[in-house]
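Order of the sequence lines fixes the chain letters, A, B, ..., with proteins taken first and strands second; residue numbering starts at 1 for each chain.
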Amino acid sequence: MTTTETPLPGKAANFIRNIVTDDLKSGKHKSIVTRFPPEPNGYLHIGHAKSICLNFGLARDFGGRCHLRFDDTNPTKEDIEYEDSIKENVKWLGFDWGEHMYYASSYFEQFYQHALKLIEKGLAYVDSLSADEMRALRGTLNEPGKESPYRSRGVDENLDLFRRMRAGEFEEGSQVLRLKIDMASPNINMRDPVIYRIRKVEHHRTGDAWCIYPMYDYAHCISDSIEGITHSICTLEFEDHRPLYDWVLDMLEAPCHPQQIEFARLNLSYTVMSKRKLLELVQEKLVDGWDDPRMPTLVGIRRRGFTPESIRAFCETIGVGKSDSFIDMSILEDAVREDLNIRAPRAMAVLRPLKLVIEGYPEGEADEFEGANHPNDPAMGTRTVPFSKTVYIERDDFQEEPAKGFFRLAPGREVRLRYAYIIRCESVLKDASGEIVEVRCSYDPGSRGGSAPDGRKIKGTIHWVSAEHAIDAEVRLYDRLFSTPNPGGKNEPDYRTSLNPKSIEVLTGCKMEPSLAASTLDSRYQFERLGYFCLDSKDSCPQAPVFNRTATLRDSWNEQKR
RNA sequence: UGGGGUGUCGCCAAGCGGUAAGGCAACGGACUCUGACUCCGUCAUCCGAGGUUCGAAUCCUCGCACCCCAGCCA
């Protein structure tokens with residue numbers, strides 16, 4: 001058929017891909033260069049993953065390259081601790097910046113020289129107004145600003161002042177370098193923006209070499225230009241900054257003038273994404289740290305058991321656009337399920353054990369069954385599952401008075417123990433309080449392995465674990481961190497009040513089939529009929545395994561009940 | 001009331017004047033030793049009102065709604 005219209009079959013089209021495709025086709029660029037420019041002042045979250053996948057994905061798909069650049073222009077907020085985590089996260093997601101690791105702070109001298117040039121051209125001046133005074137003159141959204149009395153300083157005076165700023169002769173806040181653009185501009189970013197401020201603090205990379213630091217608007221475009229970035233992709237709130245981005249590069253007559261393109265940041269329901277709120281959750285101990293499995297941080301999601309593949313798939317399916325969007329958490333959850341369904345071996349684990357004794361089954365005798373590691377993928381092999389007279393089943397799989405539509409175990413009813421036998425409930429034992437503590441069943445010896453000798457249909461199949469062979473484990477069930485779709489949104493004065501009290505449930509004394517003893521930190525399992533689980537990377541140890549539930553299985557029975 | 005954006009199915013999202021892709025969800029059905037998976041099938045006339053055109057989600061006009069901007073943060 002045709003042709004070059006869709007250069008990347010299988011990849012969803014989006015407006016940025018279209019721009020890149022056009023630029024390549026028209027010859028504007030012969031290859032592309034993008035960049036992911038985090039500020040090292042916090043941990044990466046799923047929203048950053050969208051940007052990482054976009055930038056690195058573009059480079060990968062179009063045969064270009066993507067730089068990792070730390071936007072470290074504000075030493076008062078940044079820390080090396082974050083850099084390590086960010087690098088680690090990008091790698092974990094499956095991307096590689098190769099040799100292209102950069103720091104805005106490496107360009108400090110160039111920024112400075114460029115500033116000197118702007119001053120010489122009469123395009124920048126040192127302002128001695130205080131922050132408050134400057135704000136007062138900035139005007140409002142509706143009224144133009146007024147020019148600073150220092151705006152007309154001569155070039156030589158500005159040069160001198162700026163050099164002395166660098167030399168540390170002034171106090172923090174006393175002087176600032178501003179661009180001379182237009183105090184009456186309807187775009188507030190163009191009302192003589194500040195491009196340098198004095199900060200007498202150590203920078204984690206440049207130490208005390210500088211006491212003046214460039215602002216984002218000034219540093220970012222020049223950094224992009226220095227690195228030969230072709231497409232500088234950022235989020236919507238920088239749209240208003242684009243005229244400034246272009247202004248600086250135009251005035252500097254930069255040989256390379258990247259195109260800034262803005263896209264809508266990711267919003268995910270039932271969680272929060274702002275660095276401030278995430279930080280508060282950690283500091284106020286509302287969660288267990290940045291890597292709490294309920295957090296939308298990459299370290300949290302990873303500990304929860306999400307795979308990089310699933311995150312990439314998620315980012316691919318949500319698409320890229322310019323309209324403010326709100327992605328439902330279920331889309332993310334669905335992405336892991338889709339991935340783990342294919343690769344996670346199956347196993348049986350009983351979370352809320354109910355003792356089941358098989359009457360007539362020889363005491364002290366053990367048997368073994370073959371269980372498929374994956375029902376649809378024979379290549380994943382089998383494992384042996386030990387069986388004995390007493391097993392544990394899920395409490396949920398037994399109802400003394402079965403609800404309508406319930407087709408698991410109940411008095412007088414037959415059910416299949418997966419891979420083992422068809423059993424029938426004969427009686428139940430209760431404790432003094434009336435709680436069922438044991439179920440007694442008969443079994444059909446002819447159904448060994450699980451299939452009915454007479455071909456009768458057994459509607460229910462339940463999972464189980466042999467009591468004498470079981471290993472004990474702790475299991476942590478996670479649910480959404482917040483109970484409302486948009487925590488802190490309308491009618492919610494504080495997002496904290498929307499925290500979901502049931503976002504974590506810790507179960508101890510869970511019973512696992514013995515093969516699970518071989519789990520390693522990178523193992524993923526589907527506990528049949530329950531969901532996907534993995535060992536907790538922080539708290540699990542061989543003597544006392546701890547499993548995290550990554551996601552539940554879809555459960556139409558549960559939905560039916562609602 | 002200034003400026004910059006956005007508005008296509010419940011949630012995302014293609015579409016770029018030629019007669020509304022896809023994903024998720026939902027619903028119906030098949031299959032099933034996981035009420036899972038898989039598989040079939042159903043599911044929009046494009047914020048509103050005018051206009052241009054043989055023909056408009058796509059062009060024009062006028063509205064409406066929502067988001068962002070007044071850090072010496074990014």
Counting side-chain heavy atoms from C-beta on, which of B/rG2, B/rG71, B/rC24 comes nearest to A/Arg554? B/rC24
For A/Asp397 and A/His463, run side chain to side chain contact (heavy atoms under 4.5 Å, CB included): C-alpha distance rounded to whole Å, both residues' side-chain angles, the deciding distance at 0.1 Å, then the answer. CA-CA 9 Å; A/Asp397 286 339; A/His463 57 96; 4.0 Å; yes
By nearest atom, which of the nucleotides B/rG7, B/rC72, B/rC73 is closest to the A/Glu39 side chain? B/rC73
Quick one: label A/Arg416 by what it contacts on the DNA or RNA (base, sugar-phosphate, nothing), any heavy atom closer than 4.0 Å. base
Whole angstrom is fine here: how far is it from CG in A/Leu553 over to P in B/rC37? 7 Å
Surrounding NZ of A/Lys200 (heavy atoms of other residues, nucleotides or ligands, distance under 6.0 Å), is the total greater than 12? yes
In plain terms, say whether A/Asp334 and A/Arg554 are close enough for a salt bridge, that is, a side-chain N and a carboxylate O under 4.0 Å apart. yes
Would you mind classifying the nucleic acid contact of A/Asp217 as base, sugar-phosphate or nothing, using non-hydrogen atoms under 4.0 angstrom? nothing
5'-most by nearest nucleotide on RNA chain B - A/Asp328 or A/Pro214: A/Asp328
Which of the following nucleotides, B/rC73, B/rG23, B/rU6, is nearest to the side chain of A/Lys77? B/rC73
Selection from B/rC72, B/rG35, B/rG2 that lies nearest to any side-chain heavy atom of A/Arg529: B/rG35
Nearest whole angstrom, please: distance from the C1' of B/rU34 to the OH of A/Tyr419. 8 Å
Closest approach to the side chain of A/Met215, judged atom by atom: which nucleotide of B/rC67, B/rG4, B/rC73 is it? B/rC73
Would you please indicate yes or no on a ring centroid separation below 6.0 angstrom for A/Phe314 and A/Phe306? no
Looking at every strand, decide which applies to A/Tyr196 at a 4.0 Å heavy-atom threshold: base, sugar-phosphate, or nothing. nothing
A/Arg135 side chain near B/rG71 phosphate (N/O to OP1/OP2, under 4.0 Å): yes
If you draw a 6.0 Å radius around CD in A/Glu172, do more than 12 non-hydrogen atoms from other residues or ligands fall strictly inside? yes
Interatomic distance at C1', B/rC12 relative to B/rG28, whole Å: 24 Å
Rounded interatomic separation in angstrom, taking OH from A/Tyr213 and C1' from B/rA74: 17 Å
With P as the reference atom in both, quote the distance from B/rA65 to B/rA74 in angstrom, rounded to an integer. 35 Å
May I ask which nucleotide in the shown strands pairs with B/rC9, Watson-Crick or G-U wobble, both distances under 3.5 Å? none
How would you label the contact of A/Asn142 with the nucleic acid (heavy atoms, under 4.0 Å): base, sugar-phosphate, or nothing? base
I'd like to know if the side chain of A/Arg265 reaches the main chain of A/Thr235, judged simply by a donor and an acceptor atom lying under 3.5 Å from each other, with no hydrogens or angles considered. no
A/Phe387 ring center near A/Tyr443 ring center (under 6.0 Å): no
Have a look at A/Ser325 and say if it touches a base, only the backbone sugar-phosphate, or nothing, with a 4.0 Å heavy-atom cut-off. sugar-phosphate
Using a 4.0 Å heavy-atom cut-off across all strands, classify A/Leu244 as base, sugar-phosphate, or nothing. nothing
How many whole angstroms separate atom CH2 of A/Trp557 from atom C1' of B/rA36? 16 Å
When we call it a touch if two heavy atoms are under 4.0 Å apart, what does A/Ser130 touch: a base, just sugar-phosphate, or nothing? base
Looking at B/rU53, which nucleotide sits across from it as a Watson-Crick or G-U wobble partner, both distances under 3.5 angstrom, or is there none? none
Does a side-chain N or O from A/Ser185 land closer than 4.0 Å to OP1 or OP2 of B/rG3, or not? no
Which part of the nucleic acid does A/Tyr532 contact within heavy-atom distance under 4.0 Å: base, sugar-phosphate only, or nothing? nothing
Can you tell me how far C1' of B/rA74 sits from CZ of A/Arg276, to the nearest Å? 16 Å
Base, sugar-phosphate, or nothing: which does A/Ser451 touch, judged by heavy atoms less than 4.0 Å apart? base
Residue met sooner reading RNA chain B from 5', once A/Ile327 and A/Leu417 are mapped to nucleotides: A/Ile327
Hey, would you say the A/Phe108 and A/Tyr213 ring centroids sit under 6.0 Å apart? yes
Counting side-chain heavy atoms from CB outward, which of B/rG35, B/rG3, B/rA70 is closest to A/Pro186? B/rG3
Just checking A/Asp71: base, sugar-phosphate only, or nothing, at a heavy-atom cut-off of under 4.0 Å? sugar-phosphate
Can you check whether A/Arg197 has a side-chain N or O nearer than 4.0 Å to OP1 or OP2 of B/rA74? yes
Check every atom of B/rG23, B/rA74, B/rC16 against the side chain of A/Asn18 and return the nucleotide holding the closest atom. B/rC16
Atom CD of A/Glu528 and atom P of B/rA36: how far apart are they, to the nearest Å? 13 Å
For B/rU34, the Watson-Crick or wobble counterpart (both distances under 3.5 Å): none
Would you call B/rG5 syn or anti, using the 90° rule around 0? anti
Given the side-chain rings of A/Tyr43 and A/Tyr82, with only the six-membered ring counted for Trp, is the space between their centroids under 6.0 Å? yes
B/rA26 pairs with, by Watson-Crick or G-U criteria that keep both distances under 3.5 Å: B/rU42
Considering only heavy side-chain atoms of A/Pro375, the closest of B/rC37, B/rC72, B/rA36 is B/rA36
Under 4.0 Å between a side-chain N/O of A/Thr73 and OP1 or OP2 of B/rA74, yes or no? yes
Just how far, in rounded Å, is C1' of B/rC72 from CZ of A/Arg138? 9 Å
Atom pair distance, as rounded to whole Å: CG in A/Asp240 and P in B/rU6: 12 Å
Of the nucleotides B/rA25, B/rC73, B/rU34, which has the atom closest to the A/Gln526 side chain? B/rU34
Determine the contact category for A/Ala131: base if any of its heavy atoms lies under 4.0 Å from a base atom, sugar-phosphate if only primed atoms, P, OP1 or OP2 are that close, otherwise nothing. base
Would you measure the distance from the P atom in B/rC24 across to the matching atom in B/rG41 and give it in whole Å? 14 Å
So what does A/Phe326 touch, heavy atoms closer than 4.0 Å: a base, only the sugar-phosphate, or nothing? sugar-phosphate
Taking A/Glu394 first and then A/Arg408, would you say they form a salt bridge - that is, a charged N and a carboxylate O separated by under 4.0 Å? no
Does A/Tyr216 lie flat on the base of B/rA74, that is, centres under 5.5 Å apart and planes under 30° off? no
Using purine N1 to pyrimidine N3 plus N6-O4 or O6-N4 for Watson-Crick, or N1-O2 and O6-N3 for G-U wobble, both under 3.5 Å, which nucleotide pairs with B/rC16? none
Across the strands shown, which category fits A/Arg346 at heavy-atom distances under 4.0 angstrom: base, sugar-phosphate, nothing? base
Side chain of A/Ile331 (C-beta onward), nearest among B/rU34, B/rC24, B/rA74: B/rC24
Applying the Watson-Crick and G-U wobble criteria at under 3.5 Å, what pairs with B/rA70? Answer none if nothing qualifies. none
Pick the P atom in B/rC16 and in B/rU32, then give their distance to the nearest Å. 45 Å
If you look at every strand shown and take non-hydrogen atoms under 4.0 Å, does A/Met348 touch a base, only sugar-phosphate, or nothing? nothing
